[in-house]
Structures are given as C-alpha cells and as structure tokens.
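First the structure, in the form of structure tokens, and then the observations on it.
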Amino acid sequence: MEKVAFRPRRLGHVNLYVSDLEASLSFYERHCGLARVRMESAIGAGFLSNGNTHHDLGLIEISRGQDRHGRDGHVQIQSTRGRQPGLNHLGWEMENQAALVQAYERMRAAGMAPQALYDHIISHAVYVPDPDGNVHEFYADSMKDWESVFNLDHDDLVTSRWDPLASERSTTPNYNPAPNLRRPAPSEMPTRHVTGASLATHRYDEMMRFMLEIAGFRLLAETASPFRSAIFGGSTGRPDLRLTEVGAGQKTGFRMFSLMVDPAGFSRRLADGRVPAMGRHVVHEDREAVLLADPDGFMVELYASRADTCLEPLGLAHIG
C-alpha cells in the first residue's frame, strides 16, 4: 500500500443493511434518542439524527435480489451487495472538499481505485474498502443547511455519480462545530452523537497498515495482551474506532457502534427504570453504559462518560 492518508476529522455516521427497515427505524427512535430526518423509499433507505449532523445512522433494507438505482439512473447498490444484514459503511467526516479531493488524487497516484464516487447533494464522498472488505466512506459536507435537503418533506433519490477532479475544491468547512441537539420523541434518550465503532479482524497487520496509511487515522492506543487491539481517531482526537484481532473461528467485521449520551439525563433514565429490559448494564471505571441489540442483533452502546468526554468503544469482552 502507498501512503494516501485521508485524515478525516471524526466518525460522522454508521450505515447498516437491515432486514426490516421500519422495525429498525422504530428501534433506534424508541431507544436511542434518534429521529428520522430523511427517507428514500425507492431504495429502501432511512436516515436518523438528533441534530448533530445530517445523519448519525443510515439504514438500508437488504436487497432481496434487486439492483437499486441512484438519481442519475446508475446502479447505486448492486443486488449482490446487502443480501444479509451487516455493515454497509462507516462514514468519516473530512475537514472540507479540498482535503477530500487531494486525498483522492493521492489514491490515483498510488494506483488505487475507490469502490465508488458519489454526490449525495449534502456531501461528496469517496468509498474505499479495507483489506477485510469493510467499506469506509470519506465525505465532505457540501452545504451548511443540510436540513433543506434532509427532511421528511422529501422522499426523492439523493445519490448520483461524482467526478472529484471536475469539482470545486472549497477549503470552507461545512460541518457545524456546535450543533443544536434535539430530544426527539418518543425516546427522550439524551443522545449527543455517534462516537465510535468496533471492527474485528484475522488480518491485524494488514488492517493496521490500511488504518494508518490509507485512512490516515491517528493511532491513540495499542495493546498486545490478551489480544492485539488498537484505538484510532481522526484529527479531533476522539477515539472513534477500535480494531481487535480475533482467533480462527471467531466473527470478524463490524461488531458494534456507540452513542454518547448526556450523563445527567442518562442517570435519570436508569433511575426511572426506562432502559429497555433487554439492555445489558455495564459499569466501568470510565463510564456507565447500556448495551442493546437491535432487531438484527447489531450491538449499540449508549454510554455516559464519567469525565464527560468521548470514549473508545467497549472491548469485545464486554460485548461478547
């Protein structure tokens, strides 16, 4: 691998393939403090946020043997992808469009081809698979007023193909550094934003090279015992990604993602008994958390940091 180094700011969102779109949307609304902000019924997709960004979570129903087309008629999602529930991609927010295009040019110079190049109206994106096949979306917001596009008054297609070399190379950041967070009904869970994801691998060394040289993440911590594990972050310094080596026969790929919540509101919900009965309560030296399994068995961690700071995703010993 040649050094490409996208160097994103932070994890912006998680996007999952789900077996029943409505059931999953309802789960995350009810239990995780997220609200629907956009639907794309033509491709079986829905997006949820609490105002932190245009979406903290994207959900796409499994393909069931059908190609899905974007707004310019291209095949956006082939029928061979998303046949089972699983990770679609992790979305990494870039500082601006100039930084995104420059990283794409470094990819080209290194002889690497992206999986896809997309214009989502609200953002432009380069999709890159890692050695295990997990897809990473590196995107730059193209507008500050994302709510003019991502709202429930619209249900048309969002995605078309994009040519980075023909696009404007703006150095203006369009993300909101101080968003106005909401408390959407019916959950009232005081969610702030998605802060982490966890991946398991059999090819730890190859994945490490990808994370450092292609993604350009910062290595924040690494342990060698009882198994090799690394914590990565973007330029904000948040611990956004945990990579863990697992043994033969153990599940690889996406394992869980985490949502940071307001400590005071979270404590009230725990005291009032309003955490779902299927939740696993975890008390750790740096956090109090509840682990939930969504309708497809994806694990989501709702955590309150004792220091009120973003924390890395829990280790595999906690999530099983």
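Computation of the quantities below employed the complete heavy-atom set of this structure, encompassing side-chain atoms and omitting hydrogens, waters and symmetry-equivalent molecules. Bear in mind that the values here come from a model prediction, so they are computed numbers and not experimental data.
In this structure, CE in M260 is found 6.0 Å from OG1 in T309, a value given to the nearest 0.5 Å. Residue L157 holds its CG atom at 9.5 Å from CG of D72, rounded to the nearest 0.5 Å. For the atom pair OG of S41 and CG of D156, the computed distance is 9.5 Å after rounding to the nearest 0.5 Å. H31 NE2 to L302 CG: the interatomic distance, rounded to the nearest 0.5 Å, is 10.0 Å. Considering CE of M112 and CE of M107, their distance stands at 4.0 Å, rounded to 0.5 Å. Within the model, atoms CG of L16 and CZ of F254 stand 5.0 Å from one another, a figure rounded to the nearest 0.5 Å.
F257 and F27 end up in the same hydrophobic cluster when Ile, Leu, Val, Met, Phe, Trp and Tyr side chains are linked at under 4.5 Å. A single hydrophobic cluster is not seen to contain both V158 and I43; linkage of ILVMFWY side chains at heavy-atom distances under 4.5 Å, directly or through other members, places them apart. Tracing side-chain contacts under 4.5 Å through hydrophobic residues (I, L, V, M, F, W, Y), one never reaches L11 starting from V135; they form parts of separate clusters. Connection of F298 to Y17 is not established within any shared hydrophobic cluster, with ILVMFWY side chains joined at heavy-atom distances below 4.5 Å, either directly or through further cluster members. Hydrophobic clustering (ILVMFWY, side-chain heavy atoms < 4.5 Å, transitive): I214 and L243 are in one cluster.
Residues L212 and K3 are not in side-chain contact: their nearest non-hydrogen atoms beyond the backbone lie 4.5 Å or more apart. When side chains are defined from C-beta on, L199 counts as touching D130, because their heavy atoms get closer than 4.5 Å. Looking only at side-chain heavy atoms (C-beta outward), R218 and R7 stay at 4.5 Å or farther from each other. Between V4 and Y104, every side-chain heavy-atom pair lies at or beyond the 4.5 Å cut-off. Here the side chains of V18 and I60 are not in contact, with every heavy-atom distance at 4.5 Å or above. A 4.5 Å side-chain heavy-atom check between V261 and T191 finds at least one atom pair inside the cut-off. Side-chain contact check for D132 versus F210: every heavy-atom pair is 4.5 Å or farther apart. Side-chain contact between E245 and S229 is absent, with no heavy atoms from C-beta onward closer than 4.5 Å.
Minimum interatomic distance between W162 and A125 (heavy atoms only, all atoms of both residues): CE3-O, 3.6 Å. Contact between S148 and M143 at its shortest, heavy atoms only, is OG-SD, 4.0 Å. The two residues T171 and A98 have their closest heavy-atom pair at CG2-CB, 3.9 Å. Across all non-hydrogen atoms, the minimal contact from A304 to P263 is CB-CA, 3.8 Å. Nearest heavy atom pair, residue I231 against residue P239, reads CG2-CB, 3.6 Å. Pairing each heavy atom of C32 with each of L259, the nearest pair is CB-CD1, 3.9 Å.
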> When you look at Y139 and H54, which way does the ring-ring contact (aromatic ring centres under 6.0 Å, His included) test go after all the steps?
Replying inline: CA-CA 12 Å; Y139 71 92; H54 37 76; 5.7 Å; yes
> What's the verdict on side-chain hydrogen bond (donor to acceptor under 3.5 Å, both in side chains) for S170 and N96, showing C-alpha distance, side-chain angles and the deciding distance?
Replying inline: CA-CA 7 Å; S170 171; N96 52 49; over 6 Å; no
> Going through the checks in order, is the side-chain hydrogen bond (donor to acceptor under 3.5 Å, both in side chains) test met by H89 and E137?
Replying inline: CA-CA 6 Å; H89 64 259; E137 176 197 11; 3.0 Å; yes
> side-chain contact (heavy atoms from CB on, under 4.5 Å) between Q97 and H124: does it pass, once the steps are laid out?
Replying inline: CA-CA 8 Å; Q97 185 153 299; H124 295 119; 2.4 Å; yes
>> One pair to check against side-chain contact (heavy atoms from CB on, under 4.5 Å): S24 and E29. What are the steps and the verdict?
In response: CA-CA 9 Å; S24 292; E29 287 179 312; over 6 Å; no
>> salt bridge (charged side-chain N to carboxylate O under 4.0 Å, His left out) for R228 and E222? Distances and angles first, verdict last.
In response: CA-CA 7 Å; R228 291 191 290 177; E222 187 174 18; 6.0 Å; no
> When you look at R38 and L152, which way does the side-chain contact (heavy atoms from CB on, under 4.5 Å) test go after all the steps?
Replying inline: CA-CA 5 Å; R38 187 62 151 84; L152 294 179; 5.5 Å; no
>> Under the criterion salt bridge (charged side-chain N to carboxylate O under 4.0 Å, His left out), I'd like the reasoning laid out for E105 against R169: C-alpha separation, chi angles, the key distance, then a yes or no.
In response: CA-CA 12 Å; E105 288 180 323; R169 302 189 183 201; 2.7 Å; yes
>> Show, in sequence, the C-alpha distance, side-chain angles and deciding distance for S235 and R10, and conclude whether the side-chain contact (heavy atoms from CB on, under 4.5 Å) test is met.
In response: CA-CA 7 Å; S235 62; R10 61 170 183 167; over 6 Å; no
> Given N174 and D141, is the side-chain hydrogen bond (donor to acceptor under 3.5 Å, both in side chains) satisfied, shown in steps?
Replying inline: CA-CA 6 Å; N174 286 316; D141 288 340; over 6 Å; no
> Do R71 and T159 pass the side-chain hydrogen bond (donor to acceptor under 3.5 Å, both in side chains) test, and can you show the C-alpha distance, the side-chain angles, and the key distance before you say yes or no?
Replying inline: CA-CA 6 Å; R71 61 185 164 96; T159 299; over 6 Å; no
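Both the sub-6.0 Å distance and the 45° axial angle are satisfied by R9 relative to the ring of Y175.
Across D56, V300, D240, L57, a single residue satisfies side chain to side chain contact (heavy atoms under 4.5 Å, CB included) together with V194, and that is D56. Results of the ring-ring contact (aromatic ring centres under 6.0 Å, His included) test with W92 over Y127, F217, F6 single out F217 as the only residue that passes.
Aromatic ring centres of F150 and H55: separated by under 6.0 Å. Within the 6.0 Å centre-distance limit, the rings of H74 and Y118 are counted as a close aromatic pair.
Among residue pairs with one or both ends in residues 295-305, those qualifying as salt bridge (Lys or Arg N to Asp or Glu O under 4.0 Å) are R287-E301; sequence neighbours excluded.
Without hydrogens or angle criteria, Y303 side chain to L311 main chain gives a donor-acceptor distance under 3.5 Å. In terms of modelled atom types and a separation under 3.5 Å, the side chain of S142 and the main chain of I122 share a donor-acceptor contact.
Judged purely by distance below 3.5 Å, without hydrogens or angles, the side chains of H281 and E288 pair a donor atom with an acceptor atom.
The pair R161-D119 fails the salt-bridge criterion, with no side-chain N (NZ, NE, NH1 or NH2) lying under 4.0 Å from an Asp/Glu carboxylate O. Using a 4.0 Å cut-off between charged side-chain N and carboxylate O, D262 and R192 make a salt bridge.
By the salt bridge (Lys or Arg N to Asp or Glu O under 4.0 Å) test, D67 is found to be paired with no residue, residues two or more places apart in sequence or in another chain being considered. With sequence neighbours left out, the side-chain contact (heavy atoms from CB on, under 4.5 Å) criterion links S63 to R68, R83.
Residue-environment remark: CG (N180) stays at or below the threshold of 12 foreign heavy atoms within 6.0 Å.
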